[in-house]
Amino acid sequence: MEEIKFFRRAVTPTLAEIVEWTGAKPAGDVDLTATILDVAPLDRARPGDLVFLDNPKYADQLAQTKATACLVGERNVERVPQGVAALVVREPYRACAAVTARLYPEAVRPGSWFDSHGVSPGANVHPLARLEPDVVVDPGAVIGPHAEIGAGAVIGPNAVIGPRVRIGRDSAIGAGATVCNALIGDRVIIHPGVRIGQDGFGFAMSPRGHQKVPQVGRVIIQDDVEIGANSTIDRGANRDTIIGEGAKIDNLVQIAHNVVIGRHCVIVSQVGISGSTVLGDFVVAGGQAGITGHLNIGIGAQIGAQSGVMADVDPGAKVGGSPARDARLWLKGVALVDRMAKSRGKAREE
């Protein structure tokens with residue numbers, strides 16, 4: 001049965017070209033005219049494939065690989081078996097990503113799901129919307145009045161772009177996504193099912209009942225942000241919800257009203273961030289972490305998976321647990337409880 005692949009290879013580079021793209025240094029006698037047909041994991045590679053080793057945990061797989069070439073750090077170059085060309089780079093994983101992007105450019109940014117060019121006859125674009133040249137709009141998409149879409153943008157099938165929304169150039173809006181009350185920068189990727197700009201969860205609570213607080217702010221998404229499938233970003237209540245340049249947000253993340261995410265933050269799946277919390281640049285939040293409202297998370301802080309953050313976090317701090325605290329103290333506490341439990345178990349057996 002023929003193997004089905006969903007991305008078409010754009011080029012068939014030589015090792016010389018890969019050296020040029022990555023800045024790699026060939027180790028030993030390397031045939032730079034050899035060609036690369038694909039990238040592959042170490043244990044499944046065949047002749048013509050490029051692999052990489054970044055984590056020495058997989059050194060045994062490298063020893064058995066049948067790949068043509070391997071991107072590898074200086075410390076692991078001696079592990080590359082005879083017959084495999086060793087290309088030495090500072091960051092093998094990053095270098096392999098750069099090569100993969102050259103081989104499969106369609107995988108870098110979502111394109112038309114319908115192989116459309118221009119506005120599909122099945123799309124609904126309001127006469128007062130403004131689209132720059134080379135915008136692709138797939139069937140079923142809706143673009144509201146006074147919306148503006150930048151050149152090279154792709155609007156996926158059944159996506160809905162609300163009135164007066166701005167979407168920058170070379171951005172991609174996935175199938176079934178909804179975007180309202182939002183200003184979106186250039187080269188932003190919004191995956192299928194994302195919800196942007198809907199009401200924040202705001203109520204004036206009282207024993208007499210809960211009065212809805214109108215949410216009149218916006219969502220501002222800066223350049224080069226990527227937002228994973230089915231994540232939700234609420235618009236601000238009386239100020240803007242802001243996602244900073246280069247931030248990467250995983251699937252199924254909830255970001256509440258008035259939240260500010262700094263530049264190049266990484267927010268992993270199922271994180272919830274409550275209203276008016278501010279994350280500094282380069283913050284990392286592990287999967288399923290919960291961050292309560294009105295906090296300040298300092299630049300470069302790291303929040304462990306499933307942490308419950310209930311207080312401000314200092315710049316550069318690493319926290320874990322629930323309630324979240326210094327990660328080293330948390331791990332020591334977990335180890336202490338384990339030792340106590342084992343000791344008590346032994347005492348009962350005696």
Side-chain angles (χ1 to χ4, degrees), residues 1-111 170 172 187 189 191 224 226 228-229 246-251 264 266-269 282 284 286-287 300 302 304-305 318:
M1 180 177 177
E2 182 183 356
E3 181 182 11
I4 297 174
K5 300 195 74 171
F6 292 97
F7 296 100
R8 294 168 289 190
R9 187 178 71 242
V11 293
T12 304
T14 63
L15 292 185
E17 290 174 296
I18 289 174
V19 166
E20 181 182 350
W21 297 343
T22 63
K25 296 181 179 179
D29 186 17
V30 173
D31 178 9
L32 295 178
T33 65
T35 56
I36 292 298
L37 303 176
D38 208 347
V39 290
L42 288 163
D43 59 342
R44 298 186 62 184
R46 300 173 293 189
D49 288 343
L50 175 72
V51 296
F52 76 95
L53 178 71
D54 208 4
N55 188 338
K57 175 181 177 181
Y58 299 102
D60 290 345
Q61 292 183 14
L62 174 60
Q64 302 297 322
T65 192
K66 296 178 174 60
T68 290
C70 178
L71 293 160
V72 65
E74 186 71 47
R75 62 179 179 174
N76 291 313
V77 68
E78 298 300 327
R79 298 177 184 266
V80 179
Q82 188 175 2
V84 178
L87 305 178
V88 181
V89 291
R90 182 178 178 183
E91 298 175 284
Y93 183 39
R94 191 179 185 97
C96 191
V99 174
T100 306
R102 296 268 193 156
L103 290 175
Y104 300 107
E106 293 176 339
V108 176
R109 189 193 71 143
D170 296 315
R187 300 175 301 280
I189 297 174
H191 287 281
D224 299 304
E226 185 159 352
K248 309 304 179 188
I249 298 171
D250 200 356
N251 304 331
H264 305 291
V266 175
I267 314 296
V268 183
S269 182
F282 292 96
V284 176
Q302 297 182 24
K318 298 179 180 180

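Small disclaimer: the values here were computed from a predicted structure and weren't measured.
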At their closest point, which heavy atom of [X] faces which heavy atom of [Y], and how far apart are they?
{"X": "Ala45", "Y": "Ala40", "result": "CA-CB, 3.9 Å"}
{"X": "Thr14", "Y": "Thr33", "result": "CG2-O, 3.9 Å"}
{"X": "Pro105", "Y": "Ala10", "result": "CD-CB, 3.6 Å"}
{"X": "Ala95", "Y": "Thr22", "result": "O-CG2, 3.8 Å"}
{"X": "Asn251", "Y": "Ala229", "result": "OD1-N, 2.7 Å"}
{"X": "Val30", "Y": "Ala85", "result": "CG1-CB, 3.7 Å"}

[Y] backbone acceptor or donor facing [X] side chain under 3.5 Å:
{"X": "Thr65", "Y": "Leu42", "value": "yes"}
{"X": "Thr68", "Y": "Gly48", "value": "yes"}
{"X": "Ser269", "Y": "Gly287", "value": "no"}
{"X": "Arg109", "Y": "Ile189", "value": "no"}
{"X": "Arg79", "Y": "Asp60", "value": "no"}

Student check: side-chain heavy atoms of [X] and [Y] closer than 4.5 Å:
{"X": "Pro26", "Y": "Leu32", "result": "yes"}
{"X": "Val89", "Y": "Val72", "result": "no"}
{"X": "Leu71", "Y": "Leu50", "result": "yes"}
{"X": "Leu103", "Y": "Pro13", "result": "yes"}
{"X": "Val77", "Y": "Val88", "result": "yes"}

Check whether more than 12 heavy atoms from other residues, nucleotides or ligands sit under 6.0 Å from atom [atom1] of [X], and answer yes or no.
{"X": "Tyr58", "atom1": "OH", "result": "no"}
{"X": "Glu106", "atom1": "CD", "result": "yes"}
{"X": "Lys248", "atom1": "NZ", "result": "yes"}

- [ ] Test Leu15 against every option in Asp31, Leu87, Thr35 by the side chain to side chain contact (heavy atoms under 4.5 Å, CB included) rule and name the one that passes.
- [x] Leu87

Task: Electrostatic pair Asp224-Arg187, nearest N-O below 4.0 angstrom - done: yes

Task: Basic-acidic side-chain contact under 4.0 Å: Asp43, Lys66 - done: no

Open item on the list: Under the rule for ring-ring contact (aromatic ring centres under 6.0 Å, His included), what residues qualify as partners of Phe7, not counting sequence neighbours?
Closed with: none

TODO: Using the side-chain contact (heavy atoms from CB on, under 4.5 Å) rule, take His191 and Glu226 through it: C-alpha gap first, then chi angles, then the decisive distance, then the call.
DONE: CA-CA 8 Å; His191 287 281; Glu226 185 159 352; 2.7 Å; yes

Task: Distance (rounded to the nearest 0.5 Å) between Arg102 CZ and Ile18 CD1 - done: 10.5 Å

Task: Sequence-distant partners of Asp49, salt bridge (charged side-chain N to carboxylate O under 4.0 Å, His left out), two or more places apart - done: none

TODO: List the steps, then state whether side-chain contact (heavy atoms from CB on, under 4.5 Å) holds for Tyr104 with Lys5.
DONE: CA-CA 11 Å; Tyr104 300 107; Lys5 300 195 74 171; 3.3 Å; yes

